[in-house]
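To start, the structure under review is shown below, and the notes come after it.
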Amino acid sequence: MPELPEVETIARGLAKRVTGDVIESVWLGSKPEPLKSPARQIAATLENSRISGVRRMGKHIVIDLSQSWTASRKLRGKSSHKSSFKGDSHSTRAQWIVHLGMTGSILVCAPDAKVEKHTHLIAKLASGRELRFVDPRRFGRLSVSRNGDFEAGGFEPLDIDREEFVALFRGRKTPIKSALLNQKLLRGVGNIYADEALFRAGIRPRRQAASLTRERLERLYRSVQEVLKEAIALGGSSISDYVDADGDEGFFQLQHRVYGREGEACLVCKTPVKRVVIAGRSSHYCPRCQK
DNA sequence: ACTATTTCCTGGATGC
DNA sequence: TGCATCCAGGAAATAG
């Protein structure tokens with residue numbers, strides 16, 4: 001389940017492998033697609049575009065696209081005044097936005113590689129390779145922004161400053177766990193890292209957000225950043241079948257202190273880890289260490 | 001304006 | 001062994 005550290009890892013891997021390549025053609029599966037933009041618009045935006053970079057925003061992968069000069073000519077005809085700007089690709093900036101949902105993955109592979117079940121999009125690259133979007137559970141979403149102005153919602157957890165972070169929870173009656181998962185507040189924190197950050201901060205997931213003191217929230221701020229940074233350094237958490245763009249697994253799952261450890265001894269005090277359901281999400285915590 | 005609940009989807013695990 | 005049922009999760013939609 002890709003959250004911020006996994007998406008960061010994937011985006012970095014993709015950036016390394018496909019930056020500079022050109023998407024020559026796009027195939028979209030015929031079934032109802034997990035798309036947010038119309039299929040025609042996605043294909044039209046991607047085709048003949050050069051990948052100028054890949055980055056992460058929250059849990060979204062943003063693939064920056066620029067129309068190459070030759071592609072412009074091919075599309076618009078040689079008389080098009082649009083393509084006569086001085087070789088500056090910035091004016092045809094667009095974005096391909098990928099949300100992996102639960103089970104989505106982006107693969108870079110050879111064209112003769114077996115097409116996996118649940119492949120929804122294949123982009124043929126000028127280098128001869130293919131970029132494929134596979135998502136069995138179809139919670140992932142593809143979209144495009146034609147003018148490159150995609151906005152992902154709340155604050156980046158690793159960029160937000162302490163005061164902004166504290167202010168996020170002011171007056172919120174919702175459980176702190178739910179607030180951490182709310183992408184309109186913070187973008188990129190998911191179930192695993194919310195539980196892990198709350199454990200490190202010594203806060204129970206059900207605690208009403210507004211009831212936390214400034215000191216508690218400052219500790220949570222440090223915990224969120226710490227856990228995300230450590231996870232990124234280890235390539236994310238490989239739960240179920242997550243692998244990065246190179247097919248490598250992450251190792252942060254070995255560092256989980258509460259997530260997925262229901263009934264096991266707390267690593268600090270040996271009390272069995274509890275699991276409760278908050279907002280439909282399983283939440284793990286130590287009843288002794290977290291108040 | 002908020003908050004809580006339901007829905008989408010499929011593979012893997014569990015139960016009888 | 002086989003079939004049914006449950007569960008996981010992010011975020012949009014819906015309900016309160």
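In this text the structure is predicted, and so the values were computed from the model without any measurement. The figures that follow rest on heavy atoms only: side chains count, while hydrogens, waters and symmetry mates do not.
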Residues that A:Ala233 engages under side chain to side chain contact (heavy atoms under 4.5 Å, CB included), provided they are two or more places apart
none
In whole angstrom, give the distance that lies between atom CD1 of A:Ile278 and atom P of C:dG9.
12 Å
Less than 4.0 angstrom between a side-chain N/O of A:Tyr259 and OP1 or OP2 of C:dA8, yes or no?
no
Tell me: CD1 of A:Ile97 to P of C:dA11, nearest whole Å?
14 Å
Test side chain to side chain donor-acceptor pair (under 3.5 Å) on A:Arg172 and A:Thr174 and set out the steps.
CA-CA 5 Å; A:Arg172 299 205 174 262; A:Thr174 195; over 6 Å; no
Classify A:Arg275 by what it touches in the nucleic acid, base, sugar-phosphate, or nothing, heavy-atom distance under 4.0 Å.
sugar-phosphate
Sequence neighbours left out, what passes side chain to side chain contact (heavy atoms under 4.5 Å, CB included) with A:Leu267? Give chain and number order.
A:Arg257, A:Arg261
Go through DNA chain B in 5' to 3' direction and return only the first and the last nucleotide with some atom under 4.0 Å of chain A's heavy atoms.
B:dT3 to B:dG11
Please list every donor-acceptor pair under 3.5 Å in which a side-chain atom of residues 201-208 of chain A meets a protein atom from a residue at least two apart or in another chain.
from	atom 1	to	atom 2	distance (Å)
A:Arg204	NE	A:Gln290	O	2.7
A:Arg204	NH2	A:Pro287	O	2.6
A:Arg207	NE	A:Ser211	OG	3.1
A:Arg207	NH2	A:Ser211	O	3.2
A:Arg207	NH2	A:Ser211	OG	3.3

Pairing residues for A:Glu130 by the side chain to side chain contact (heavy atoms under 4.5 Å, CB included) criterion, not counting sequence neighbours
A:Pro111, A:Ile122, A:Lys124, A:Arg132
Which residues share a salt bridge (Lys or Arg N to Asp or Glu O under 4.0 Å) with A:Glu262, sequence neighbours left out
A:Arg275
Using whole Å, report how far CE of A:Met57 lies from P of C:dA11.
14 Å
Using a heavy-atom cut-off of 4.0 Å across all strands, would you classify A:Ser178 as base, sugar-phosphate, or nothing?
nothing
Look at all strands and tell whether A:Gly280 reaches a base, only sugar-phosphate, or nothing, counting heavy atoms closer than 4.0 Å.
nothing
Does A:Val62 have any side chain to side chain contact (heavy atoms under 4.5 Å, CB included) partners at least two apart in sequence or in another chain, and if so, which?
A:Arg55, A:Met57, A:Asp64, A:Gln95, A:Ile97, A:Phe150
Taking the inter-plane angle between the rings of A:His118 and A:His120 on a 0 to 90° scale, is it parallel (under 30°), tilted (30 to 60°) or perpendicular (over 60°)?
tilted
Judged by nearest nucleotide, the residue sitting upstream toward the 5' end of DNA chain B, A:Lys117 or A:Asn182, is A:Asn182
Quantified as the angle between the terminal helix axes (five pairs each), what is the overall bend of the helix from B:dC2-C:dG16 to B:dC16-C:dG2 to 10 degrees?
50°
Nearest heavy atom decides the nucleotide; on that basis, is A:Lys173 or A:His118 closer to the 5' end of DNA chain B?
A:Lys173
Is A:Glu264 salt-bridged to A:Lys270, cutoff N-O under 4.0 Å?
no
By centroid distance (under 5.5 Å) and plane angle (under 30°), are A:Phe139 and C:dG10 in a stacked arrangement?
yes
Grab the NE2-C1' distance between A:His60 and C:dA12 for me, whole Å please.
12 Å
Those residues that, when tested against A:His99, pass ring-ring contact (aromatic ring centres under 6.0 Å, His included) (two or more places apart)
A:His60
How many whole angstroms separate atom CZ of A:Arg141 from atom C1' of C:dG10?
10 Å
Between A:Arg137 and C:dC7, is there a side-chain N or O to OP1/OP2 distance below 4.0 Å?
no
A:Leu181 CG to C:dG9 P, in whole Å, measures 10 Å
Base, sugar-phosphate alone, or nothing: which one does A:Arg281 contact when heavy atoms must sit under 4.0 Å apart?
base
